[in-house]
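Here is the naming used below: chain letters follow the sequence lines, and residue numbers restart at 1 for every chain.
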Amino acid sequence: MSKIKYELIKKEAHTQARLGKLYTNHGVYETPMFMPVGTQATVKTLAPEELKKVGSGIILANTYHLWLRPGEDIIAEAGGLHKFMNYDGPILTDSGGFQVFSLANPKNISEEGVMFKNHLNGDKMLLTPEKSIAIQNKLDSDIAMSFDECPPASASYEYMENSIKRTLRWAKRGKEAHNNPHQALFGIVQGGAYKDLRKYSAIKTVELDFDGYSIGGVANDNESKEDMYKAIEYSTPYLPADKVRYLMGVGEPKDIIEGVIRGVDIFDCVLPTRLARHGHAFTKYGKINLKNAKFKKDFTPIDETCDCYTCQNYTKAYIKHLINANETFGARLISLHNIRFLIKLTEDLKEAIKNDNIMEFKTEFYQNYYGEK
RNA sequence: GCGGAAUUGGUGAAGUGGUUAACACGCCGGAUUGUGGCUCCGGUAUGCAUGGGUUCGAUCCCCAUAUUUCGCC
């Protein structure tokens, strides 16, 4: 019957970084943590066992997509999302809120909910906080997300203020509609890079008392790094220490480090898998593009220091060939590596928190990755 | 051997007597942050088979040569 529990193990001495433990119905995991994204009940190209092997904990699936296809009833009939997709680790479902930002025309947002144009067949569909929660209840994920609006970072103060207030009303409605005793429900803090709006949103969201808290609305709309870090800094001070904090949609190595330093515990991002499909790989010494001609005869692994299956067995030249030939095995190999890279990063961050030297770790990482002094 | 047609970048090709030779693929780069996977954005022929000629000007007109191709003997 337990939903989710966060235990703060240790705070880093010089920053807000936290080492914690997350107890879920599908295992106990340490944070900081990176969640691979499996929108349509699959982390693209990868099998569940492979995800476990690279050390991933929670994965993210998407309410909106699974609602449209195959439909939450079919997944419920299968015995829930875990059984349906054969993943026995924890699953978090996004609420569909991000689709408000990416799919819906802004004028289709009302107090009641959001009108979407179904991207599969063009049908108009209404997603409301109650509906989003009902779908997530049926999907039976470990963590459900509140249905929020994710306004563009460039939104005006006025728009943002109205938006966060509506998101708060939606959060309350969603919480009241929530009806799955072993599923946790997270609230989402919005407010762009406006200090008082982030504060207001955080305090009011916490008042509603959720099982965990997210910081949303970052890394969109060409938002500057500076604004992203501000959005985090303006939010985390108002979040309770005994609840987990999740920064939504963030996954560049630099942003994960900066997020952890500002007190974030969980991240998710499509970047490792999307970059992989386009031939880009993370390495200790920066991101590389395997399509580049210089890798044609490079018979060394993507990253000599990496312990993943890909780096243990395959060369850049081979993977470049697969990507050039549009073979899916190439995307698979890089996806595996990229996810392992980010998870390894969180492992290193955990170690740095234990040792109270996260700023030193950051400096060294940046030197290697970005060539900074 | 005779006659016809063709010859434009790595490939398939469009095109006009007059500034920067269309487009597609490929190639070379770049992008990508709660995913509408195989997308988006750049760059990529100092030259239009070769040599002459006509013209103020030719990739586009004329001649020759070469190559390819089709038909006939």
Using a cut-off of 4.0 Å on non-hydrogen atoms, how would the nucleic acid contact of A/Q99 be classed: base, sugar-phosphate, or nothing?
-> sugar-phosphate
Going by number, which of residues 128-138 of chain A have a non-hydrogen atom under 4.0 Å from RNA chain B?
-> none
Output every pair passing salt bridge (charged side-chain N to carboxylate O under 4.0 Å, His left out) with a member in residues 282-301 of chain A, not counting sequence neighbours, ordered by first then second residue.
-> A/D298-A/K316
Sorted by number, the residues of residues 44-58 of chain A with heavy-atom contact under 4.0 Å to RNA chain B = A/K44
Classify the side chain of A/R277 versus the base of B/U32 as yes if they form a donor-acceptor pair under 3.5 Å and no if they do not.
-> no
Does A/H65 have a side-chain nitrogen or oxygen under 4.0 Å from the phosphate oxygens OP1 or OP2 of B/G36?
-> yes
Sort and list the pairs that fulfil salt bridge (charged side-chain N to carboxylate O under 4.0 Å, His left out) and have at least one residue in residues 81-99 of chain A, not counting sequence neighbours.
-> A/K52-A/D88
Which nucleotides of RNA chain B pair, in dot-bracket form (Watson-Crick or G-U under 3.5 Å, | meaning another strand) | ((((((((.[[[..)..(....]]]((((((.......))))))....[[[[[..)....]]]]]))))))).
Residues sharing A/Y238's hydrophobic cluster, by side-chain heavy-atom contacts under 4.5 Å among ILVMFWY, directly or via others?
-> A/I203
Please collect all side-chain hydrogen bond (donor to acceptor under 3.5 Å, both in side chains) contacts where either partner lies in residues 148-157 of chain A, sequence neighbours excluded, each pair once.
-> A/D148-A/Q190, A/E149-A/Y159, A/E149-A/S163, A/E149-A/R166, A/S154-A/D221, A/Y157-A/D196
Contact under 4.0 Å: A/N222 side-chain N or O vs B/U32 OP1/OP2 = no
Can you list, by residue number, the residues of residues 185-197 of chain A that have a non-hydrogen atom closer than 4.0 angstrom to RNA chain B?
-> A/I188, A/Q190
Out of B/C28, B/G34, B/U39, which has the shortest distance to the side chain of A/K291?
-> B/U39
Value in whole Å for how far the P atom of B/U32 lies from CG of A/L290 = 17 Å
Besides A/L126, the hydrophobic cluster formed by Ile, Leu, Val, Met, Phe, Trp and Tyr side chains linked at under 4.5 Å, directly or via other members, contains A/M115
Residue pairs passing the side-chain hydrogen bond (donor to acceptor under 3.5 Å, both in side chains) test where at least one lies in residues 65-77 of chain A, sequence neighbours excluded | A/D73-A/K138
Within residues 143-157 of chain A, residues whose heavy atoms come under 4.0 Å of RNA chain B = A/D148, A/C150
Counting any heavy atom closer than 4.0 Å, what does A/G217 reach on the DNA or RNA strands: base, sugar-phosphate only, or nothing?
-> base
May I ask you to say what A/K225 touches in the nucleic acid, namely base, sugar-phosphate or nothing, with a heavy-atom cut-off under 4.0 Å?
-> base
Out of B/G37, B/U32, B/G34, which nucleotide sits closest to the side chain of A/D268?
-> B/G34
Less than 6.0 Å separating the ring centroids of A/Y64 and A/F116?
-> yes
Base, sugar-phosphate, or nothing: which does A/L271 touch, judged by heavy atoms less than 4.0 Å apart?
-> sugar-phosphate
Selection residues 279-305 of chain A - residue pairs positive for ring pair (Phe, Tyr, Trp, His ring centres under 6.0 Å), sequence neighbours left out | A/F282-A/F341
Of all the nucleotides listed (B/G34, B/U39, B/U35), which has the minimum atom distance to the side chain of A/T273?
-> B/U35
